[in-house]
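Following: one structure in C-alpha coordinates, then a few remarks.
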Amino acid sequence: HVTSPFLTKEAVERGLEAVKSGEYDSAFAAKKLQTFLWQNNIPLNYELDNIPITQDLPEILEETSGFYIFTRNVITDMNRRIGNTPFIVETGEIESIDIDEPEDFMIADAVFNYNSLRNSRGGEVSKSYCISSYLALRYIEDDSMNFYPDLHHRNIKPLTDEQRIPVRTAKDIDREIRAQVDKFKDMKKGVMLSGGMDSAIVASYLPGSDAYTFRFLGGNYQSEELVRAEYYAEVYGLRLHYVDISWETVMKYLEPVMVAKCAPVHSIEPQIYQAALQARTDGVEIMFSGATSDLVFGGMDKLLSQDWTFDAFMNRYTFTKPEDVLREPESMCYVFERYRIGDDKIDFTKFLSEISMSELLTSYVTTFGVAEMNYYDPYAKLKMSEPLDLSRVRKGDSKYLIRELFRMRYPDTIIPEKIPMPRPVDAYFEDWCGPSRKEFIAGLEMSKFTGNQKWQMYCLEKFLDLHEPR
(Lines give C-alpha, C1' and ligand atoms only; values in the text may rest on other atoms or scores of the structure.)
Protein backbone atom coordinates (compact mmCIF):
# COMPACT_ATOMS: atom_id res chain seq x y z
CA HIS A 1 0.00 0.00 0.00
CA VAL A 2 1.36 3.44 -0.88
CA THR A 3 0.82 4.70 2.68
CA SER A 4 3.08 1.94 4.10
CA PRO A 5 6.53 3.19 3.01
CA PHE A 6 8.58 0.77 5.13
CA LEU A 7 6.82 -2.44 4.15
CA THR A 8 9.44 -4.92 2.92
CA LYS A 9 9.44 -7.01 -0.20
CA GLU A 10 10.03 -10.10 1.96
CA ALA A 11 6.79 -9.57 3.88
CA VAL A 12 4.74 -9.31 0.68
CA GLU A 13 6.48 -12.37 -0.76
CA ARG A 14 5.65 -14.41 2.34
CA GLY A 15 1.98 -13.56 1.96
CA LEU A 16 2.03 -14.24 -1.76
CA GLU A 17 3.73 -17.62 -1.37
CA ALA A 18 1.24 -18.63 1.31
CA VAL A 19 -1.73 -17.93 -0.97
CA LYS A 20 -0.03 -19.54 -3.97
CA SER A 21 0.49 -22.71 -1.91
CA GLY A 22 -3.28 -23.27 -1.93
CA GLU A 23 -3.41 -23.71 1.84
CA TYR A 24 -4.68 -20.16 2.36
CA ASP A 25 -7.20 -18.11 0.39
CA SER A 26 -5.85 -14.73 1.48
CA ALA A 27 -3.06 -12.98 3.35
CA PHE A 28 -2.59 -9.65 5.06
CA ALA A 29 -0.08 -7.74 7.20
CA ALA A 30 -0.63 -7.24 10.91
CA LYS A 31 1.35 -6.09 13.91
CA LYS A 32 1.27 -7.53 17.39
CA LEU A 33 -0.59 -5.51 19.99
CA GLN A 34 0.36 -6.56 23.51
CA THR A 35 -0.58 -3.73 25.84
CA PHE A 36 -3.31 -2.64 28.26
CA LEU A 37 -6.49 -1.97 26.26
CA TRP A 38 -9.81 -0.41 27.30
CA GLN A 39 -13.27 -0.38 25.73
CA ASN A 40 -16.44 1.34 26.98
CA ASN A 41 -14.58 2.56 30.06
CA ILE A 42 -13.54 -0.92 31.22
CA PRO A 43 -10.36 -2.98 30.64
CA LEU A 44 -10.61 -5.07 27.52
CA ASN A 45 -7.84 -7.61 28.06
CA TYR A 46 -6.99 -7.69 31.78
CA GLU A 47 -8.55 -7.39 35.23
CA LEU A 48 -7.93 -4.38 37.46
CA ASP A 49 -7.35 -6.51 40.54
CA ASN A 50 -5.00 -8.89 38.71
CA ILE A 51 -2.65 -6.77 36.60
CA PRO A 52 -0.17 -8.97 34.67
CA ILE A 53 3.16 -7.90 33.22
CA THR A 54 2.85 -6.71 29.62
CA GLN A 55 4.55 -9.82 28.24
CA ASP A 56 1.84 -12.03 29.79
CA LEU A 57 -1.05 -10.19 28.17
CA PRO A 58 -2.83 -12.07 25.37
CA GLU A 59 -1.51 -11.18 21.94
CA ILE A 60 -3.88 -9.26 19.67
CA LEU A 61 -3.08 -8.62 16.01
CA GLU A 62 -3.91 -5.31 14.38
CA GLU A 63 -4.26 -5.06 10.60
CA THR A 64 -1.73 -2.56 9.26
CA SER A 65 -3.32 -2.12 5.78
CA GLY A 66 0.14 -2.74 4.35
CA PHE A 67 -1.15 -5.28 1.88
CA TYR A 68 -4.02 -7.66 1.18
CA ILE A 69 -3.58 -10.64 -1.11
CA PHE A 70 -6.54 -12.82 -2.03
CA THR A 71 -7.76 -15.33 -4.56
CA ARG A 72 -10.27 -14.26 -7.19
CA ASN A 73 -13.27 -15.94 -5.52
CA VAL A 74 -12.69 -14.07 -2.24
CA ILE A 75 -13.52 -10.80 -3.97
CA THR A 76 -16.00 -12.10 -6.56
CA ASP A 77 -17.98 -14.54 -4.40
CA MET A 78 -17.57 -13.05 -0.93
CA ASN A 79 -17.02 -9.39 -1.80
CA ARG A 80 -14.22 -9.34 0.79
CA ARG A 81 -10.48 -8.82 0.90
CA ILE A 82 -9.91 -11.47 3.59
CA GLY A 83 -11.22 -14.98 3.05
CA ASN A 84 -12.05 -17.82 5.43
CA THR A 85 -8.50 -19.18 5.67
CA PRO A 86 -6.20 -16.16 5.86
CA PHE A 87 -2.44 -16.22 6.40
CA ILE A 88 -1.24 -13.41 8.66
CA VAL A 89 2.19 -11.88 8.05
CA GLU A 90 3.32 -10.28 11.27
CA THR A 91 5.34 -7.10 10.74
CA GLY A 92 7.40 -5.02 13.15
CA GLU A 93 6.64 -1.57 14.48
CA ILE A 94 8.59 0.36 11.81
CA GLU A 95 7.40 -1.81 8.96
CA SER A 96 3.81 -1.35 10.17
CA ILE A 97 3.82 2.44 9.96
CA ASP A 98 0.75 3.54 8.01
CA ILE A 99 0.38 7.19 7.00
CA ASP A 100 -3.21 8.33 7.57
CA GLU A 101 -2.75 11.59 9.49
CA PRO A 102 -0.18 14.42 9.40
CA GLU A 103 1.36 13.06 12.61
CA ASP A 104 1.93 9.71 10.90
CA PHE A 105 3.82 11.47 8.13
CA MET A 106 6.01 13.25 10.67
CA ILE A 107 6.91 9.92 12.30
CA ALA A 108 7.63 8.29 8.93
CA ASP A 109 9.74 11.26 7.87
CA ALA A 110 11.78 11.03 11.08
CA VAL A 111 12.37 7.29 10.56
CA PHE A 112 13.41 7.85 6.94
CA ASN A 113 15.84 10.63 7.87
CA TYR A 114 17.29 8.54 10.68
CA ASN A 115 17.88 5.61 8.34
CA SER A 116 19.44 7.88 5.71
CA LEU A 117 21.81 9.39 8.27
CA ARG A 118 22.72 5.95 9.62
CA ASN A 119 23.50 4.65 6.14
CA SER A 120 25.61 7.69 5.28
CA ARG A 121 27.73 6.96 8.34
CA GLY A 122 28.24 3.34 7.36
CA GLY A 123 25.49 1.81 9.45
CA GLU A 124 25.06 0.90 13.10
CA VAL A 125 27.53 -0.66 15.50
CA SER A 126 26.39 -3.86 17.19
CA LYS A 127 29.18 -6.21 18.09
CA SER A 128 26.78 -8.72 19.62
CA TYR A 129 24.68 -8.87 16.44
CA CYS A 130 27.72 -9.26 14.20
CA ILE A 131 29.22 -12.01 16.35
CA SER A 132 25.98 -14.00 16.31
CA SER A 133 25.45 -13.49 12.59
CA TYR A 134 28.96 -14.65 11.73
CA LEU A 135 28.61 -17.79 13.86
CA ALA A 136 25.13 -18.70 12.62
CA LEU A 137 25.41 -17.75 8.94
CA ARG A 138 29.18 -17.45 8.38
CA TYR A 139 28.84 -13.80 7.38
CA ILE A 140 27.29 -10.53 8.63
CA GLU A 141 23.89 -10.71 6.97
CA ASP A 142 22.79 -7.13 7.61
CA ASP A 143 24.90 -4.69 5.59
CA SER A 144 24.04 -1.85 7.96
CA MET A 145 25.45 -3.54 11.08
CA ASN A 146 29.14 -3.46 11.95
CA PHE A 147 31.46 -4.67 14.69
CA TYR A 148 33.06 -1.33 15.53
CA PRO A 149 32.90 2.36 14.52
CA ASP A 150 34.72 3.12 11.26
CA LEU A 151 34.47 -0.51 10.12
CA HIS A 152 32.00 -1.21 7.34
CA HIS A 153 31.70 -4.61 5.72
CA ARG A 154 30.11 -5.05 2.30
CA ASN A 155 28.10 -8.04 1.15
CA ILE A 156 27.99 -9.10 -2.48
CA LYS A 157 24.43 -9.67 -3.63
CA PRO A 158 23.59 -12.33 -6.23
CA LEU A 159 22.36 -11.22 -9.63
CA THR A 160 18.61 -10.92 -9.90
CA ASP A 161 16.63 -13.44 -11.94
CA GLU A 162 16.24 -10.82 -14.65
CA GLN A 163 20.01 -10.37 -14.88
CA ARG A 164 20.83 -14.08 -15.16
CA ILE A 165 20.82 -16.14 -18.34
CA PRO A 166 18.31 -19.02 -18.46
CA VAL A 167 19.66 -22.43 -19.48
CA ARG A 168 17.65 -25.62 -19.99
CA THR A 169 20.21 -28.17 -21.17
CA ALA A 170 23.90 -28.97 -20.83
CA LYS A 171 24.36 -27.65 -24.37
CA ASP A 172 22.88 -24.32 -23.27
CA ILE A 173 25.39 -24.12 -20.40
CA ASP A 174 28.22 -25.01 -22.79
CA ARG A 175 27.19 -22.23 -25.17
CA GLU A 176 26.89 -19.59 -22.46
CA ILE A 177 30.19 -20.42 -20.75
CA ARG A 178 31.97 -20.22 -24.11
CA ALA A 179 30.42 -16.80 -24.73
CA GLN A 180 31.40 -15.54 -21.28
CA VAL A 181 35.00 -16.75 -21.49
CA ASP A 182 35.36 -15.21 -24.95
CA LYS A 183 34.86 -11.76 -23.41
CA PHE A 184 38.26 -12.12 -21.72
CA LYS A 185 40.21 -13.48 -24.69
CA ASP A 186 42.82 -10.71 -24.46
CA MET A 187 43.56 -11.28 -20.74
CA LYS A 188 45.95 -13.78 -19.18
CA LYS A 189 43.64 -16.20 -17.40
CA GLY A 190 43.93 -18.51 -14.40
CA VAL A 191 41.54 -21.00 -12.86
CA MET A 192 41.02 -22.46 -9.39
CA LEU A 193 41.21 -26.20 -10.13
CA SER A 194 40.22 -28.91 -7.68
CA GLY A 195 39.42 -32.57 -8.28
CA GLY A 196 35.69 -31.84 -8.68
CA MET A 197 33.67 -31.54 -11.86
CA ASP A 198 32.64 -27.87 -11.40
CA SER A 199 36.14 -26.44 -11.67
CA ALA A 200 37.17 -29.12 -14.20
CA ILE A 201 34.41 -27.94 -16.53
CA VAL A 202 35.43 -24.28 -16.21
CA ALA A 203 39.07 -25.26 -16.79
CA SER A 204 38.10 -27.03 -20.01
CA TYR A 205 37.16 -23.67 -21.54
CA LEU A 206 40.57 -22.19 -20.66
CA PRO A 207 43.11 -24.37 -22.55
CA GLY A 208 46.69 -23.27 -22.11
CA SER A 209 45.88 -21.15 -19.04
CA ASP A 210 47.36 -21.37 -15.55
CA ALA A 211 45.60 -23.61 -13.03
CA TYR A 212 46.00 -23.40 -9.25
CA THR A 213 45.38 -26.39 -7.00
CA PHE A 214 45.55 -26.41 -3.21
CA ARG A 215 48.02 -28.86 -1.69
CA PHE A 216 47.79 -29.45 2.05
CA LEU A 217 50.17 -31.02 4.56
CA GLY A 218 52.84 -31.78 1.99
CA GLY A 219 50.36 -33.41 -0.38
CA ASN A 220 49.28 -36.07 2.11
CA TYR A 221 45.79 -34.62 2.60
CA GLN A 222 43.15 -35.64 0.03
CA SER A 223 45.79 -36.79 -2.43
CA GLU A 224 43.08 -38.07 -4.82
CA GLU A 225 42.17 -34.41 -5.43
CA LEU A 226 45.69 -33.75 -6.70
CA VAL A 227 45.64 -36.75 -9.04
CA ARG A 228 42.38 -35.65 -10.64
CA ALA A 229 43.49 -32.03 -10.94
CA GLU A 230 46.69 -33.17 -12.67
CA TYR A 231 44.60 -35.23 -15.10
CA TYR A 232 42.25 -32.33 -15.97
CA ALA A 233 45.24 -30.04 -16.51
CA GLU A 234 46.87 -32.57 -18.84
CA VAL A 235 43.69 -33.05 -20.90
CA TYR A 236 43.38 -29.33 -21.68
CA GLY A 237 47.05 -28.32 -21.64
CA LEU A 238 46.90 -26.21 -18.48
CA ARG A 239 50.02 -25.12 -16.60
CA LEU A 240 49.35 -26.56 -13.14
CA HIS A 241 50.67 -24.73 -10.09
CA TYR A 242 50.34 -26.05 -6.55
CA VAL A 243 49.39 -23.68 -3.77
CA ASP A 244 50.99 -25.20 -0.68
CA ILE A 245 48.84 -24.58 2.37
CA SER A 246 49.97 -25.05 5.97
CA TRP A 247 48.89 -23.65 9.31
CA GLU A 248 51.72 -21.13 8.99
CA THR A 249 50.45 -19.84 5.63
CA VAL A 250 46.88 -19.68 6.94
CA MET A 251 48.07 -17.47 9.80
CA LYS A 252 50.16 -15.36 7.43
CA TYR A 253 47.23 -14.53 5.19
CA LEU A 254 44.40 -14.46 7.73
CA GLU A 255 44.89 -10.96 9.10
CA PRO A 256 45.05 -9.06 5.77
CA VAL A 257 41.79 -10.66 4.66
CA MET A 258 40.02 -9.91 7.95
CA VAL A 259 41.24 -6.31 7.96
CA ALA A 260 40.01 -5.75 4.41
CA LYS A 261 36.69 -7.51 4.99
CA CYS A 262 36.08 -5.74 8.34
CA ALA A 263 34.86 -9.09 9.67
CA PRO A 264 36.06 -12.58 10.56
CA VAL A 265 36.25 -14.90 7.57
CA HIS A 266 35.43 -18.33 6.18
CA SER A 267 38.27 -20.84 6.51
CA ILE A 268 38.76 -20.90 2.71
CA GLU A 269 39.53 -17.19 2.46
CA PRO A 270 43.18 -17.14 3.59
CA GLN A 271 44.03 -19.93 1.13
CA ILE A 272 42.14 -18.20 -1.71
CA TYR A 273 44.09 -15.03 -0.96
CA GLN A 274 47.35 -16.99 -1.10
CA ALA A 275 46.38 -18.51 -4.46
CA ALA A 276 45.41 -15.11 -5.86
CA LEU A 277 48.73 -13.57 -4.84
CA GLN A 278 50.60 -16.49 -6.39
CA ALA A 279 48.64 -16.10 -9.62
CA ARG A 280 49.29 -12.37 -9.71
CA THR A 281 53.02 -13.06 -9.41
CA ASP A 282 52.67 -15.35 -12.45
CA GLY A 283 51.16 -12.50 -14.43
CA VAL A 284 47.56 -13.75 -14.33
CA GLU A 285 45.06 -10.94 -14.86
CA ILE A 286 41.77 -12.70 -14.11
CA MET A 287 40.94 -15.81 -12.09
CA PHE A 288 38.03 -18.13 -12.82
CA SER A 289 36.30 -20.57 -10.50
CA GLY A 290 33.20 -22.74 -10.43
CA ALA A 291 32.30 -22.06 -6.82
CA THR A 292 28.60 -21.24 -7.34
CA SER A 293 27.68 -24.33 -9.37
CA ASP A 294 26.27 -26.18 -6.34
CA LEU A 295 23.87 -23.34 -5.58
CA VAL A 296 22.77 -22.71 -9.16
CA PHE A 297 22.33 -26.30 -10.34
CA GLY A 298 21.22 -28.29 -7.29
CA GLY A 299 24.46 -29.54 -5.80
CA MET A 300 23.60 -28.91 -2.16
CA ASP A 301 22.18 -32.41 -2.00
CA LYS A 302 22.02 -32.71 1.79
CA LEU A 303 20.12 -29.45 2.11
CA LEU A 304 17.86 -30.48 -0.78
CA SER A 305 17.28 -33.97 0.60
CA GLN A 306 13.81 -33.34 2.04
CA ASP A 307 10.95 -30.86 2.26
CA TRP A 308 12.10 -29.29 5.48
CA THR A 309 9.96 -27.98 8.28
CA PHE A 310 10.90 -24.45 9.27
CA ASP A 311 12.60 -25.36 12.56
CA ALA A 312 14.37 -28.41 11.14
CA PHE A 313 15.93 -26.41 8.29
CA MET A 314 17.01 -23.57 10.56
CA ASN A 315 18.61 -26.09 12.91
CA ARG A 316 20.31 -27.95 10.04
CA TYR A 317 21.60 -24.86 8.24
CA THR A 318 22.94 -22.88 11.21
CA PHE A 319 26.72 -23.30 11.24
CA THR A 320 27.36 -22.63 14.93
CA LYS A 321 24.45 -21.85 17.24
CA PRO A 322 25.23 -18.55 18.97
CA GLU A 323 23.41 -19.68 22.13
CA ASP A 324 25.77 -22.65 22.42
CA VAL A 325 28.94 -20.57 22.66
CA LEU A 326 28.16 -16.93 23.51
CA ARG A 327 27.32 -15.20 26.78
CA GLU A 328 25.02 -12.73 25.00
CA PRO A 329 23.73 -14.36 21.81
CA GLU A 330 21.31 -12.71 19.40
CA SER A 331 18.75 -14.68 17.44
CA MET A 332 19.20 -14.95 13.69
CA CYS A 333 15.71 -16.38 13.28
CA TYR A 334 14.58 -13.26 11.40
CA VAL A 335 16.72 -14.25 8.40
CA PHE A 336 14.93 -17.59 8.09
CA GLU A 337 11.53 -15.96 8.72
CA ARG A 338 11.77 -14.19 5.37
CA TYR A 339 11.44 -17.58 3.72
CA ARG A 340 8.73 -19.10 5.89
CA ILE A 341 5.80 -20.66 4.01
CA GLY A 342 2.60 -21.14 5.93
CA ASP A 343 2.88 -22.19 9.55
CA ASP A 344 5.73 -24.67 9.41
CA LYS A 345 7.44 -24.79 6.01
CA ILE A 346 10.28 -22.84 4.44
CA ASP A 347 11.30 -22.02 0.88
CA PHE A 348 14.72 -23.61 1.32
CA THR A 349 15.66 -23.40 -2.36
CA LYS A 350 15.14 -19.64 -2.36
CA PHE A 351 17.03 -19.35 0.93
CA LEU A 352 20.01 -21.12 -0.62
CA SER A 353 19.90 -19.04 -3.81
CA GLU A 354 19.89 -15.78 -1.84
CA ILE A 355 21.49 -16.20 1.60
CA SER A 356 23.99 -18.95 0.79
CA MET A 357 24.86 -17.33 -2.53
CA SER A 358 25.52 -13.96 -0.91
CA GLU A 359 27.74 -15.58 1.74
CA LEU A 360 29.75 -17.44 -0.90
CA LEU A 361 30.10 -14.50 -3.31
CA THR A 362 31.15 -12.21 -0.48
CA SER A 363 33.93 -14.63 0.47
CA TYR A 364 35.31 -15.02 -3.05
CA VAL A 365 34.84 -11.55 -4.49
CA THR A 366 36.18 -9.81 -1.39
CA THR A 367 39.22 -12.07 -1.07
CA PHE A 368 40.26 -11.77 -4.72
CA GLY A 369 39.69 -8.03 -4.39
CA VAL A 370 42.13 -7.85 -1.48
CA ALA A 371 44.75 -9.43 -3.76
CA GLU A 372 43.85 -6.90 -6.50
CA MET A 373 42.90 -9.76 -8.79
CA ASN A 374 39.91 -9.81 -11.16
CA TYR A 375 37.54 -12.69 -10.45
CA TYR A 376 34.90 -14.43 -12.54
CA ASP A 377 32.51 -17.32 -11.95
CA PRO A 378 30.54 -18.16 -15.12
CA TYR A 379 27.96 -20.27 -13.25
CA ALA A 380 26.89 -17.23 -11.21
CA LYS A 381 25.54 -15.62 -14.40
CA LEU A 382 23.21 -18.55 -15.16
CA LYS A 383 19.91 -19.90 -13.91
CA MET A 384 17.90 -23.03 -14.66
CA SER A 385 14.99 -22.17 -16.93
CA GLU A 386 13.00 -25.10 -15.57
CA PRO A 387 12.43 -25.81 -11.86
CA LEU A 388 15.05 -28.01 -10.22
CA ASP A 389 13.92 -31.65 -10.28
CA LEU A 390 14.25 -32.45 -6.59
CA SER A 391 13.22 -36.06 -7.13
CA ARG A 392 16.31 -36.59 -9.34
CA VAL A 393 18.54 -34.89 -6.79
CA ARG A 394 17.13 -37.05 -4.00
CA LYS A 395 17.78 -40.20 -6.02
CA GLY A 396 21.47 -39.35 -6.25
CA ASP A 397 21.51 -37.38 -9.51
CA SER A 398 22.48 -34.00 -8.09
CA LYS A 399 23.55 -31.31 -10.55
CA TYR A 400 22.25 -33.45 -13.38
CA LEU A 401 22.85 -30.74 -16.01
CA ILE A 402 26.43 -30.26 -14.83
CA ARG A 403 27.00 -34.02 -14.86
CA GLU A 404 25.87 -34.11 -18.47
CA LEU A 405 28.16 -31.21 -19.34
CA PHE A 406 31.09 -32.97 -17.64
CA ARG A 407 30.47 -36.01 -19.86
CA MET A 408 30.58 -33.72 -22.88
CA ARG A 409 33.84 -32.08 -21.83
CA TYR A 410 35.53 -35.26 -20.49
CA PRO A 411 33.90 -38.12 -22.44
CA ASP A 412 36.46 -40.73 -21.33
CA THR A 413 36.34 -39.85 -17.63
CA ILE A 414 34.23 -41.18 -14.76
CA ILE A 415 32.29 -38.42 -13.01
CA PRO A 416 34.09 -37.77 -9.70
CA GLU A 417 32.31 -38.06 -6.39
CA LYS A 418 31.61 -34.74 -4.74
CA ILE A 419 34.38 -33.64 -2.38
CA PRO A 420 34.20 -30.31 -0.52
CA MET A 421 37.08 -27.89 -1.02
CA PRO A 422 39.83 -29.37 1.18
CA ARG A 423 40.44 -27.62 4.49
CA PRO A 424 42.12 -29.76 7.18
CA VAL A 425 40.57 -27.77 10.02
CA ASP A 426 40.00 -30.91 12.09
CA ALA A 427 43.75 -31.51 12.15
CA TYR A 428 44.52 -27.85 12.84
CA PHE A 429 42.24 -27.68 15.88
CA GLU A 430 42.52 -31.19 17.26
CA ASP A 431 44.16 -30.01 20.49
CA TRP A 432 42.74 -26.48 20.69
CA CYS A 433 41.43 -25.64 24.16
CA GLY A 434 38.82 -23.20 22.91
CA PRO A 435 38.18 -19.44 23.07
CA SER A 436 38.99 -17.47 26.19
CA ARG A 437 37.57 -14.02 25.51
CA LYS A 438 34.77 -12.69 27.70
CA GLU A 439 32.26 -12.84 24.83
CA PHE A 440 32.31 -16.65 24.93
CA ILE A 441 30.88 -19.01 27.52
CA ALA A 442 33.73 -20.12 29.76
CA GLY A 443 34.90 -23.72 29.71
CA LEU A 444 33.28 -24.85 26.44
CA GLU A 445 33.58 -28.58 25.83
CA MET A 446 35.44 -28.44 22.52
CA SER A 447 34.96 -32.11 21.67
CA LYS A 448 31.31 -31.26 20.86
CA PHE A 449 32.31 -28.99 17.98
CA THR A 450 33.49 -29.74 14.44
CA GLY A 451 36.72 -28.40 12.99
CA ASN A 452 34.78 -25.81 10.98
CA GLN A 453 32.97 -24.61 14.10
CA LYS A 454 36.27 -24.37 15.97
CA TRP A 455 37.66 -22.32 13.09
CA GLN A 456 34.77 -19.88 13.42
CA MET A 457 35.39 -19.39 17.13
CA TYR A 458 39.15 -19.11 16.65
CA CYS A 459 38.86 -16.65 13.76
CA LEU A 460 36.25 -14.58 15.59
CA GLU A 461 38.51 -14.34 18.64
CA LYS A 462 41.46 -13.30 16.46
CA PHE A 463 39.33 -10.61 14.81
CA LEU A 464 38.11 -9.24 18.13
CA ASP A 465 41.69 -9.20 19.45
CA LEU A 466 42.73 -7.09 16.45
CA HIS A 467 40.25 -4.35 17.25
CA GLU A 468 39.74 -4.79 20.98
CA PRO A 469 42.92 -6.24 22.53
CA ARG A 470 42.54 -8.00 25.86
Side-chain angles (χ1 to χ4, degrees), residues 123-153 155 247-271 273 311 313-336 355-356 358-360 362-363 366-367 423-470:
E124 287 188 7
V125 172
S126 177
K127 186 174 77 172
S128 62
Y129 169 86
C130 292
I131 288 174
S132 291
S133 183
Y134 168 71
L135 289 172
L137 304 170
R138 222 160 48 184
Y139 79 125
I140 316 306
E141 193 276 331
D142 188 338
D143 258 338
S144 71
M145 302 293 259
N146 296 292
F147 275 93
Y148 298 104
D150 302 321
L151 292 187
H152 183 54
H153 72 96
N155 292 331
W247 179 248
E248 288 71 30
T249 63
V250 170
M251 289 299 97
K252 177 180 178 180
Y253 296 112
L254 173 60
E255 185 172 325
V257 179
M258 290 197 299
V259 168
K261 194 175 185 179
C262 298
V265 301
H266 189 299
S267 59
I268 63 172
E269 291 178 61
Q271 65 195 52
Y273 180 53
D311 289 339
F313 181 81
M314 184 166 63
N315 183 64
R316 173 65 179 80
Y317 186 88
T318 300
F319 292 96
T320 300
K321 294 180 180 178
E323 63 268 25
D324 287 350
V325 300
L326 297 178
R327 292 182 183 274
E328 298 179 2
E330 291 200 20
S331 172
M332 292 297 114
C333 184
Y334 81 93
V335 178
F336 296 86
I355 299 299
S356 300
S358 183
E359 185 262 324
L360 187 151
T362 299
S363 292
T366 302
T367 305
R423 301 183 297 276
V425 285
D426 290 325
Y428 291 158
F429 291 101
E430 184 177 5
D431 299 319
W432 187 48
C433 296
S436 57
R437 284 186 63 99
K438 64 183 180 182
E439 291 85 357
F440 293 92
I441 296 171
L444 289 171
E445 177 50 61
M446 297 312 294
S447 63
K448 298 186 337 185
F449 300 99
T450 66
N452 284 318
Q453 290 172 322
K454 291 175 184 177
W455 165 268
Q456 283 191 287
M457 288 183 271
Y458 178 86
C459 184
L460 175 58
E461 190 162 62
K462 284 287 186 184
F463 177 81
L464 296 174
D465 283 345
L466 271 177
H467 297 279
E468 196 177 346
R470 286 176 277 184

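Along the sequence shown, residues carry numbers from 1. No experiment lies behind these values; they were computed from the predicted model shown.
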Between [X] and [Y], what is the shortest heavy-atom contact and its length?
{"X": "Met258", "Y": "Pro264", "result": "SD-CA, 4.1 Å"}
{"X": "His467", "Y": "Leu151", "result": "CE1-CD1, 3.6 Å"}
{"X": "Tyr317", "Y": "Ser356", "result": "OH-OG, 2.7 Å"}
{"X": "Ile140", "Y": "His153", "result": "O-CE1, 3.1 Å"}
{"X": "Leu135", "Y": "Gln456", "result": "O-NE2, 3.3 Å"}

Is there a side-chain contact between [X] and [Y] in this structure, where contact means two heavy atoms from C-beta onward sitting under 4.5 Å apart?
{"X": "Asp465", "Y": "Glu461", "value": "yes"}
{"X": "Leu444", "Y": "Met457", "value": "yes"}
{"X": "Ile131", "Y": "Pro322", "value": "no"}
{"X": "Tyr129", "Y": "Met332", "value": "yes"}
{"X": "Ser133", "Y": "Asp142", "value": "no"}
{"X": "Arg470", "Y": "Ser436", "value": "yes"}
{"X": "Leu466", "Y": "Glu255", "value": "yes"}
{"X": "Leu137", "Y": "Phe336", "value": "yes"}

Main chain of [Y], side chain of [X]: is a donor-acceptor contact present, judged purely on distance under 3.5 Å?
{"X": "Asn452", "Y": "Val425", "result": "no"}
{"X": "Asn155", "Y": "Thr362", "result": "no"}
{"X": "Arg138", "Y": "His266", "result": "no"}
{"X": "Tyr134", "Y": "Val265", "result": "yes"}
{"X": "Asp426", "Y": "Thr450", "result": "no"}
{"X": "Arg327", "Y": "Ile441", "result": "no"}

Query raised in the report: With sequence neighbours left out, which residue pairs that include part of residues 440-449 fulfil the side chain to side chain donor-acceptor pair (under 3.5 Å) condition?
Result: Glu445-Ser447
Query raised in the report: For Glu328 and Ser128, does a side-chain donor sit closer than 3.5 Å to a side-chain acceptor?
Result: no
**Report entry** Thr367-Glu269 side chain donor-acceptor pair, cut-off 3.5 Å
**Finding:** yes
Query raised in the report: Roughly how far apart are Asp311 CG and Met314 CE, rounded to 0.5 Å?
Result: 5.0 Å
Query raised in the report: Given Ile355 and Tyr139, is the side-chain contact (heavy atoms from CB on, under 4.5 Å) satisfied, shown in steps?
Result: CA-CA 10 Å; Ile355 299 299; Tyr139 79 125; 3.9 Å; yes
Query - Worked verdict on Cys262 versus Asn146 for side-chain contact (heavy atoms from CB on, under 4.5 Å) - result: CA-CA 8 Å; Cys262 298; Asn146 296 292; 5.8 Å; no
Report task. Please confirm whether Phe147 and Phe463 have ring centers closer than 6.0 angstrom. Result -> yes
Query raised in the report: Once the angle between the rings of Trp247 and Tyr428 is folded into 0 to 90°, is it parallel (under 30°), tilted (30 to 60°) or perpendicular (over 60°)?
Result: tilted
Requested in this report: Could you tell me how the ring of Tyr458 sits relative to the ring of Trp455: parallel (under 30°), tilted (30 to 60°) or perpendicular (over 60°)?
Outcome: tilted
Report task. Using salt bridge (Lys or Arg N to Asp or Glu O under 4.0 Å) as the criterion, list what pairs up with Lys127, not counting sequence neighbours. Result -> Glu439, Glu468
